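To keep things clear, I will list the structure first and then write my remarks on it.
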2 protein chains.
Amino acid sequence: MASSPPVTLKRLADATGVHPSTVSRALNEKTRHLVASDVAERILAAAQTLGYRPNRLAASLRTGQSRLIGVILPDIANPVFAPILGGITEVLSEQGYSPVVADAGNDRSRQTSFVDDLINHQVDGLILATVSREDGVVSHCLQRGVSVVLVNRSEQRGRVSAVVSDDAHGIRLAVDHVVELGHRVIGHVSGPRHLSTGDLRQSGYIGAIRQHGLEPHIEEAERYAREAGIDPALRLLRSVPGLSAIVAANDLLALGVFDAIQSLGLSCPGDISVVGHNDMPLVDLVSPPLTTVRISHRDMGCEAARLLLEEITTGVEPRRRLVLPSELVVRASTSVPGRREG
Amino acid sequence: MASSPPVTLKRLADATGVHPSTVSRALNEKTRHLVASDVAERILAAAQTLGYRPNRLAASLRTGQSRLIGVILPDIANPVFAPILGGITEVLSEQGYSPVVADAGNDRSRQTSFVDDLINHQVDGLILATVSREDGVVSHCLQRGVSVVLVNRSEQRGRVSAVVSDDAHGIRLAVDHVVELGHRVIGHVSGPRHLSTGDLRQSGYIGAIRQHGLEPHIEEAERYAREAGIDPALRLLRSVPGLSAIVAANDLLALGVFDAIQSLGLSCPGDISVVGHNDMPLVDLVSPPLTTVRISHRDMGCEAARLLLEEITTGVEPRRRLVLPSELVVRASTSVPGRREG
DNA sequence: TAAATCTCCGCAATCGATTGCATATTGTCA
DNA sequence: TGACAATATGCAATCGATTGCGGAGATTTA
């Protein structure tokens, strides 16, 4: 029952009466032609019966390629990042790579130490979902000479490739939608400005609002969380006269806006229309079902993995910026302006 | 800018004028006492200035310990498994381990191939969240001699440690709750019986129902998904006279039950009370807010990781079965039996 | 048939860190 | 001062797979 001594190349070599190097060549499809076919067959058969398992560690040490990709997330349990990770793992495993994931939170030093740790594990590349607009972690990776791709968020200076959604466009869809419904005083609960999503969506909001000849009203949330959306929403609701719609930078924030609206005894969409962002799972079931901007986070993960793999295998860094489209999903949290108007 | 030749032990040795073995000892806290303190300091300083990064691969090859743990999930994006993974990564990284995750779906051969792949990567252990009650994958791991811990689901024969929630107890809480409200005809949308959660919850339901002197009414869903809950719920609603409450094996199924109720023009909880299971994020926000049984999936992940690490470091396999408590969370999807009765 | 060419395979170094054993140096005690 | 212990360091093997180089033997060419 106990684990018998592992079957190594050497053992296979002994069993088949050839040299380990021959076994290695026979086992590797790309070098198999260097071995006589009958010998190769014999080796393959022996590998089969003895249950040979190659030690990837040893191979990695020699070749310098671990086929491991580090993934650093701010929060696995966040419904935004889980599907991203799903997309990443899907593409990686298709290509014979495996993700090593670190849930690093928002603490920069923690992130850096995870990066170091992953690099020590000789990962072939890194996917970062944690970066802020000015991010020391990226510098750190660059300095260490590791391929890096950013996902969901990008950094200010475009030093590395990134896969993001079209934040400005998405928020514009949201604004246009409520404007079309007839709203004129539209607030924005923005995400943290040190994150690209927060910043871009906020400026997108301003641009869209101005284009309609309206005034922007912005309150910033400290982080992307339901609880963090409440206070900014309350500030908007209390201080902006005639406010009839709120565009949130994120679905979670939008749920916080719901909470704020309810706590003031108002209703959505009767008094206030609300638009979210991301179309995360279940927001079609909340009450009222949330109008939001759909982003395919899974696709973002897939694309990020593809981009990284391409950089790794070809050796060139295209340093691309992939912008995925977003689309408006109208549900029941928005309607024509109601009673509270005037 | 390009990656300069990596700083190795040998390089450090040259730089400090000692033998690589001395450098190795100086760098490792546990062997540092074997080195003169002034030499050790000199080495440490050199490591610092040269930016030495130990190659974990090489160390792993030599020591046979990779400090990597394989995690196999059926679906990362599922709100049940994301927090489990969160708990796992938290505990692992505290202890200096990293998770390598595979999103294997429900396909057995895929799972097995992922297991093999992870073992080839020399993971020190595996956490499986995919197992069914009779699971070949577990046998496979056992045969390969890898430490394994199951999480969320357990297998029939208790060959390895597992961390699960108290499924029977949880469902009993649910049944008791609706019985107390006055319901007498209570159906169950069960999970797949080939999964331990499906099986245990179903038998828990039967036990609880019988204990109250009532009749069980069960329809099984093919998988844990919102869509999969609709048909079983429709069958119950159509064929069981007087049905006034449905206990679902899972929140997602409960949401499917909502869909079914709505499609028949009925209302919840007016006509039918519904209880879920898991208390996954946002079910407090759906309409109506879901009464459910709370399980801390994050805790399950933490405990599973702890258990595995203990087995790995001590070398003994306690083969424990950790059952985490569950608790009823009453919201608005349950109420006293309504109009449809009689 | 000698020379040139191919095929197939073994040899040995290598990746980078770890560790049992041996050795050199210093210190201690009788 | 000679013997012995303790301390500090070097040596070399090792983990398991990969790969450039070279050589033996078979095959083709002139």
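Note on naming: letters A, B, ... go to the chains in the order of the sequence lines (proteins, then strands), and numbering restarts at 1 for each one. Computed from a prediction, not measured in an experiment: that's the story for all the values here.
Dashed line: the shortest gap from a side-chain N or O of B:Ser21 to OP1 or OP2 of C:dT18 is not under 4.0 Å. For the OP1/OP2 pair of C:dT18 and a distance below 4.0 Å, the side-chain nitrogens and oxygens of B:Thr63 include no atom meeting the criterion. Look at A:His19 and you won't find any side-chain N or O under 4.0 angstrom from OP1 or OP2 of C:dC9.
As rounded to whole Å, 15 Å separates atom P of C:dT19 from atom CZ of B:Arg32. Look at NE2 on B:His33: it is 10 Å from P on D:dT7, rounded to the nearest Å. Atom C1' of nucleotide C:dT19 and atom CD of B:Gln65 are separated by 15 Å, given to the nearest angstrom. Summarising the geometry, the separation between CZ on B:Arg67 and C1' on C:dA17 is reported as 15 Å, rounded to the nearest angstrom. Straight-line distance from the CG atom of B:Leu57 to the P atom of C:dA17: 11 Å, rounded to whole Å. Nucleotide C:dC11 holds its P atom 15 Å from the CG atom of A:Leu9, rounded to whole Å. To the nearest angstrom, P of D:dG22 lies 17 Å from CG of A:Leu34. Rounded to an integer number of Å, the gap from CG of B:Asn28 to P of C:dG20 is 12 Å.
If you check every strand for non-hydrogen atoms under 4.0 Å, B:Arg56 touches nothing. A:Val39 comes within 4.0 angstrom of sugar-phosphate atoms only, judged by non-hydrogen atoms across all strands, and of no base. Using a 4.0 Å heavy-atom distance criterion, A:Val18 is classed as a sugar-phosphate-only contact.
With the nearest nucleotide of DNA chain D identified for both B:Arg25 and B:Ala58, B:Arg25 has the one nearer the 5' end. Mapping A:Leu27 and B:Thr22 onto DNA chain D via the closest heavy atom, the residue that lands nearer the 5' end is B:Thr22.
At least one donor-acceptor pair closer than 3.5 Å links the side chain of A:Ser60 to the backbone N or O of A:Gln65. In this structure, B:Arg110 contributes its side chain and B:Asp103 its backbone to a donor-acceptor pair below 3.5 Å.
In the set C:dT18, C:dG16, D:dA17, the nucleotide with an atom closest to the side chain of B:Leu61 is C:dG16.
When side chains are defined from C-beta on, B:Val164 does not count as touching B:Arg153, because their heavy atoms never get closer than 4.5 Å. Between A:Asp116 and A:His140, some side-chain heavy-atom pair lies under the 4.5 Å cut-off.
Side-chain contact check for A:Ser132 and A:Glu155: no donor-acceptor pair (N or O, by modelled atom type) lies under 3.5 Å.
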